[in-house]
Protein chains: 2
Amino acid sequence: MADTARLDATFHALSDPTRRAILARLAREGDVTVMDLAEPFAMSQPAISKHLKVLEKAGLVSRGRDAQKRPVHLEAQPLAEVTGWLIEYRKYWQAQFERLDDLLEELQQLEKLAGKN
Amino acid sequence: MADTARLDATFHALSDPTRRAILARLAREGDVTVMDLAEPFAMSQPAISKHLKVLEKAGLVSRGRDAQKRPVHLEAQPLAEVTGWLIEYRKYWQAQFERLDDLLEELQQLEKLAGKN
DNA sequence: AGTATATATAACTGAATAGTTTTGTACTGG
DNA sequence: CCAGTACAAAACTATTCAGTTATATATACT
């Protein structure tokens, strides 16, 4: 996929709150089945399957196989790419980025506390 | 605007290559008029105006006034917010994030070289 | 074999998107 | 005041989106 098309797909996938919630859950809990993912939402199972397809097309998740289950697995690389895209421009936007500075600093702190791992 | 709606709008705005190109240009060149923005694209002026409206709704740009021109100005804060959203999850995704690590390291370097400003 | 479970696919609907062309509006400068 | 410039708004079209319900497929269980 062309670089720009990958960014299109990733940003589009992230533009929906249901899909962001799915990613967040996968980040917290690891692989989750479709039924389990659907449960907290006021939405049918096929709707969730469709969201998963969008996420999969963006490369944000992959699917496993466990009997009749198809566990959903988070793939972080596209997120790294879009984060990269955003940070790339930071040199130009620098002045307006105090809030990001705070976040980055917090991140550095966390890493220091966690030890170089 | 609700936090989630702001993220929706920002990610959606970023999901189109024309809009990303507009932002990139504003980052490089500062404020630009609509005509100047439209020039490199094989697209009508109203199409660009629509894209600008999307960007404006997401708070990513604001508009000035200079005679009959309405110069477009980059507003970086929503970008900081989405970057924050992405980085937030980094603790969980860490292992898969070598590429982001590189970018962050490069960023640190740039800041060191530029001096604490 | 027959039923239950987990998920996918199909067919449909309504709303939103991205583009077009045409027209309107606001300001400028002779 | 009038022509030109810069832009916005309206009206239209085709495509995509997000959801639905109903049905099909795949695997497991008895």
Side-chain angles (χ1 to χ4, degrees), chain A residues 1-2 4-23 25-26 29-74, chain B residues 1-2 4-23 25-26 29-74:
Chain A
M1 183 152 41
T4 177
R6 286 190 57 82
L7 282 174
D8 289 3
T10 307
F11 278 125
H12 171 244
L14 293 174
S15 74
D16 182 278
T18 302
R19 289 191 291 260
R20 286 198 307 276
I22 288 173
L23 293 178
R25 176 129 181 237
L26 293 172
E29 304 179 18
D31 299 10
V32 182
T33 67
V34 177
M35 280 312 212
D36 285 358
L37 276 176
E39 190 267 326
F41 298 104
M43 203 179 293
S44 63
Q45 167 263 313
I48 299 294
S49 282
K50 276 186 164 189
H51 280 304
L52 290 174
K53 220 169 180 179
V54 173
L55 290 167
E56 203 176 358
K57 203 187 285 187
L60 282 162
V61 305
S62 59
R63 315 296 304 273
R65 169 71 81 179
D66 170 17
Q68 57 272 85
K69 298 171 191 168
R70 309 289 317 278
V72 183
H73 177 78
L74 182 67
Chain B
M1 183 152 41
T4 176
R6 285 190 59 82
L7 282 175
D8 289 3
T10 307
F11 278 125
H12 171 245
L14 293 175
S15 74
D16 181 278
T18 302
R19 289 191 291 261
R20 287 198 305 277
I22 288 173
L23 293 178
R25 175 129 180 237
L26 293 172
E29 304 181 16
D31 298 9
V32 181
T33 67
V34 177
M35 281 315 213
D36 284 357
L37 277 177
E39 190 267 324
F41 297 104
M43 202 180 294
S44 64
Q45 167 263 312
I48 298 295
S49 282
K50 277 187 165 189
H51 280 304
L52 290 174
K53 221 172 179 177
V54 173
L55 291 168
E56 203 176 358
K57 202 188 286 185
L60 282 161
V61 304
S62 59
R63 315 296 304 271
R65 170 70 83 178
D66 170 18
Q68 58 273 85
K69 297 171 192 168
R70 309 288 319 277
V72 183
H73 177 77
L74 182 66

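Below, read A as the first sequence line, B as the second, and so on, with proteins coming before strands; counting in each chain starts at 1.
- Taking 4.0 angstrom as the limit, B/S49 places a side-chain polar atom (N or O) nearer than this to OP1 or OP2 of D/dA8.
- Comparing D/dT20, C/dC27, C/dT21 by their closest approach to the side chain of A/K50 singles out D/dT20.
- B/M43 and B/A47 make their closest contact through CG-CB, 3.4 Å (heavy atoms, listed as atom of the first residue, atom of the second, distance).
- In this structure, CZ of B/R20 is placed 12 Å from P of C/dA18, rounded to the nearest angstrom.
- One atom, CZ of B/F41, and another, P of C/dT20, lie 12 Å apart when rounded to the nearest Å.
- Rounded to a whole Å, the CG atom of A/D66 is 8 Å from the P atom of D/dA28.
- To the nearest angstrom, C1' of D/dT16 lies 14 Å from CG of A/D16.
- Of the two residues contacting DNA chain D, namely A/Q68 and A/A42, the nearest-nucleotide position lying further toward the 5' end is that of A/A42.
- Closest to the A/R65 side chain, of the nucleotides D/dA26, D/dA8, C/dA8, is D/dA26.
- When distances are taken from the side chain of A/P46 to each of C/dA10, C/dT7, D/dA18, the shortest belongs to C/dA10.
- Contacts of B/T33 with the nucleic acid, taken as non-hydrogen atoms under 4.0 Å apart, involve only primed sugar atoms and P, OP1 or OP2.
- Contact between the side-chain N/O atoms of B/S44 and the OP1/OP2 oxygens of C/dT20 is found at a separation under 4.0 Å.
- Side chain of B/R63 to main chain of B/E56: no donor-acceptor pair is present (N/O by atom type, distance under 3.5 Å, no hydrogens or angles).
- Judged by distance alone, the side chain of A/R70 and the main-chain N or O of A/R65 form no donor-acceptor pair under 3.5 Å.
- In this structure a side-chain-to-backbone donor-acceptor pair under 3.5 Å is present from A/R20 to A/L14.
- In terms of heavy atoms, A/H51 sits closest to A/I22 at CB-CD1, 4.3 Å.
- Here C/dA6 presents its C1' atom at 16 Å from CG of A/D31, a figure rounded to the nearest Å.
- In the set C/dA18, D/dC7, C/dC27, C/dA18 carries the atom at the smallest distance from any side-chain atom of B/H51.
- A/K69 has its NZ atom 14 Å from the P atom of C/dA8, to the nearest Å.
- Applying the 4.0 Å criterion to OP1 and OP2 of D/dC7, one finds that B/R63 has every side-chain N and O outside that range.
- In terms of modelled atom types and a separation under 3.5 Å, the side chain of A/R6 and the main chain of A/G59 share no donor-acceptor contact.
- With hydrogens and angles ignored, no donor-acceptor pair closer than 3.5 Å exists between the side chain of A/Q45 and the base of C/dA6.
- Comparing C/dC27, C/dT7, C/dA18 by their nearest atom to the side chain of B/H12 picks out C/dA18.
- At least one side-chain nitrogen or oxygen of A/K53 sits closer than 4.0 Å to the OP1 or OP2 atom of C/dT9.
- Taking atom CE of residue A/M43 and atom P of nucleotide D/dT20, one finds them 7 Å apart after rounding to whole Å.
- Heavy atoms of A/M35 sit under 4.0 angstrom from at least one base atom.
- Regarding contacts with the backbone of D/dT27, every side-chain N or O of A/R70 stays at 4.0 angstrom or more from both OP1 and OP2.
- Rounded to a whole Å, the CD1 atom of B/I48 is 14 Å from the P atom of C/dT21.
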